[in-house]
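First the structure, in the form of structure tokens, and then the observations on it.
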Amino acid sequence: MTKNNNIILTIAEGIILCVIAYFYKAAGFAFLALASNVIIGSTAYRKHYLSLAVECSLVFALLVFASMQNMYIDLLSLLADFLNLLSVGVVSGIMLKRKSGFYTSVFSASFAALAVILLTFAVMLRDGKDIFDMYIGDIINAYGEALARSLAQSGGYSKQVLDNVSQVFDILYTTLKMFMPSVIIISSVVSAFFQFILVKKAIEFAEKQKLCITAFSNIRLNRKTAYAPIIVILLLTVLKKSLFADVLYNILVILLFADFACGVSVIDFFFKRTRLWWGIRFLIYIIILALVSFLAAFLLPGVVILGLLDSRLDLRHLEAAEFKVNIYDDPDDKEDGEK
């Protein structure tokens with residue numbers, strides 16, 4: 001690529017990012033933030049940090065300009081929008097450029113996504129909004145009231161049954177509120193992983209080459225991590241009535257989510273061996289996700305146990321495969337005559 005073409009491409013990317021930022025500020029569409037992160041991630045991978053800084057500065061200036069149209073600039077909200085448009089993409093592109101490992105890359109992107117969520121929540125709390133009720137609590141209450149009203153109007157249920165239904169929704173409300181920290185962290189990880197994969201695919205498409213990074217079907221937890229959920233459960237049996245119980249419950253949920261993700265990785269590893277077209281595999285995954293609500297009591301624990309077993313037993317023999325690849329990395333260790 002010539003220098004002039006490179007300059008033209010940089011200007012075009014800057015203009016596109018500014019347009020996306022303006023309409024995001026005006027309409028708040030989430031997919032615009034996703035598109036912005038993918039573009040800036042590709043920029044972070046391909047270009048010098050100075051070019052990256054220039055494009056990020058253009059987006060920030062555009063957000064300031066859009067805020068000035070309302071005759072008021074909210075710095076906290078402005079920073080939240082700026083990070084939401086760029087942070088995960090920038091981190092993902094830099095991690096791929098530095099050829100960082102899978103876990104390091106996803107952890108860094110997850111930290112960026114978590115920072116965006118926490119900053120957004122800070123804006124909402126400052127405005128006096130209840131975060132839990134806004135996203136979860138109001139929905140639970142609405143469903144609970146609608147169900148209780150329909151049961152009462154039917155006339156076929158006693159007051160005791162209606163009270164029991166109300167208690168179930170109250171317990172659900174309290175439980176989900178207790179687990180909100182772990183839900184926020186897990187949501188950050190899922191969002192970051194999805195954006196990271198999109199950035200990676202966009203770079204591969206633009207560069208016409210595959211990036212060397214561990215595939216999702218090959219991720220695996222360390223053997224020692226299998227003990228972590230057991231230790232937390234044992235602590236809960238001792239400290240279940242203490243102030244640390246809520247913290248331990250949230251830690252347990254996060255640990256089980258990690259095992260669940262690795263369990264899905266094991267399934268994907270063996271599913272890929274069927275050599276089905278990726279579109280058919282994706283459709284099957286969608287169908288399974290649609291059935292999760294009906295099979296959750298059996299499916300979710302089964303996948304978690306599968307992830308735990310793989311961390312201990314290496315069901316996919318990934319350690320053996322890695323050993324075969326790396327055994328002759330050092331030329332001094334090769335046998336005489338080995339090529």
Side-chain angles (χ1 to χ4, degrees), residues 1-100 104-124 126 188 191-192 194-207 211:
M1 182 179 291
T2 64
K3 184 175 181 180
N4 289 335
N5 288 339
N6 193 23
I7 294 175
I8 293 173
L9 180 60
T10 301
I11 295 173
E13 286 179 344
I15 293 173
I16 293 172
L17 285 171
C18 288
V19 171
I20 290 175
Y22 180 82
F23 282 102
Y24 174 80
K25 188 66 177 178
F29 293 137
F31 75 89
L32 292 176
L34 181 62
S36 176
N37 276 291
V38 171
I39 294 173
I40 200 68
S42 180
T43 300
Y45 177 83
R46 293 184 293 105
K47 297 183 179 178
H48 191 271
Y49 291 124
L50 180 60
S51 298
L52 177 64
V54 169
E55 294 191 5
C56 291
S57 300
L58 285 174
V59 172
F60 186 78
L62 194 281
L63 290 174
V64 172
F65 173 76
S67 299
M68 290 176 61
Q69 293 182 338
N70 297 325
M71 306 300 294
Y72 173 71
I73 298 178
D74 184 351
L75 291 179
L76 192 60
S77 178
L78 183 69
L79 183 59
D81 290 335
F82 177 72
L83 292 179
N84 194 28
L85 286 168
L86 302 176
S87 61
V88 178
V90 168
V91 171
S92 299
I94 291 175
M95 290 295 103
L96 290 169
K97 185 176 185 177
R98 295 175 58 183
K99 298 181 180 179
S100 300
T104 302
S105 300
V106 174
F107 175 81
S108 302
S110 299
F111 186 80
L114 181 60
V116 172
I117 292 177
L118 292 178
L119 192 57
T120 303
F121 284 171
V123 175
M124 296 171 61
R126 184 202 57 189
S188 301
S191 173
F194 179 68
Q195 294 181 69
F196 174 78
I197 293 300
L198 285 181
V199 171
K200 175 177 174 292
K201 294 295 183 183
I203 294 171
E204 289 176 341
F205 177 79
E207 298 294 316
L211 298 179

**Fill in**
For residues 11-21, the salt bridge (Lys or Arg N to Asp or Glu O under 4.0 Å) pairs (sequence neighbours left out) are E13-R46, E13-K47
**Request:** Not counting sequence neighbours, list each pair that qualifies as a ring pair (Phe, Tyr, Trp, His ring centres under 6.0 Å) and has a residue in residues 34-55.
**Result:** none
Could you go through residues 75-94 and list every donor-acceptor pair under 3.5 Å that involves a side-chain atom there, pairing it with any protein atom two or more places apart or in another chain?
{"unit_1": "D81", "atom_1": "OD2", "unit_2": "K25", "atom_2": "NZ", "d": "2.8"}
{"unit_1": "N84", "atom_1": "ND2", "unit_2": "Y24", "atom_2": "OH", "d": "2.6"}
{"unit_1": "S87", "atom_1": "OG", "unit_2": "L83", "atom_2": "O", "d": "2.6"}
{"unit_1": "S92", "atom_1": "OG", "unit_2": "V88", "atom_2": "O", "d": "2.8"}

So do [Y] and [X] actually touch side chain to side chain, heavy atoms under 4.5 Å?
{"X": "V59", "Y": "S36", "result": "no"}
{"X": "L58", "Y": "L17", "result": "no"}
{"X": "V123", "Y": "R126", "result": "yes"}

Side-chain donor-acceptor pairs under 3.5 Å in residues 107-119, sequence neighbours left out?
{"unit_1": "S108", "atom_1": "OG", "unit_2": "T104", "atom_2": "O", "d": "2.8"}
{"unit_1": "S110", "atom_1": "OG", "unit_2": "V106", "atom_2": "O", "d": "2.6"}

Who passes side chain to side chain donor-acceptor pair (under 3.5 Å) against [X], sequence neighbours left out?
{"X": "E207", "answer": "none"}
{"X": "Q195", "answer": "N37, S191"}
{"X": "T120", "answer": "none"}

**Request:** Could you list all the side chain to side chain donor-acceptor pair (under 3.5 Å) pairs where at least one residue sits in residues 50-60, not counting sequence neighbours?
**Result:**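 Residue pairs with at least one partner in residues 50-60: T43-E55.
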**Item:** Closest non-hydrogen atom pair, F23 against L32
**Value:** C-CD1, 3.7 Å
**Message:** Looking at every non-hydrogen atom in both residues, tell me the closest pair between S42 and I203 and how far apart they are.
**Reply:**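 The pair with the smallest heavy-atom distance is CA-CG1, 3.9 Å.
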**Request:** Could you list the residues that satisfy ring pair (Phe, Tyr, Trp, His ring centres under 6.0 Å) with F31, not counting sequence neighbours?
**Result:**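 Result, ring pair (Phe, Tyr, Trp, His ring centres under 6.0 Å) vs F31: F29.
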Calculate, to the nearest 0.5 Å, the distance between atoms [atom1] and [atom2] belonging to [X] and [Y] respectively.
{"X": "S105", "Y": "M95", "atom1": "OG", "atom2": "CE", "answer": "6.0 Å"}
{"X": "F194", "Y": "L34", "atom1": "CZ", "atom2": "CG", "answer": "5.5 Å"}
{"X": "L198", "Y": "K201", "atom1": "CG", "atom2": "NZ", "answer": "9.5 Å"}

**Prompt:** Just wondering, more than 12 heavy atoms not from F121 lying within 6.0 Å of its CZ?
**Reply:**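 More than 12 heavy atoms, drawn from other residues, nucleotides or ligands, come within 6.0 Å of this atom.
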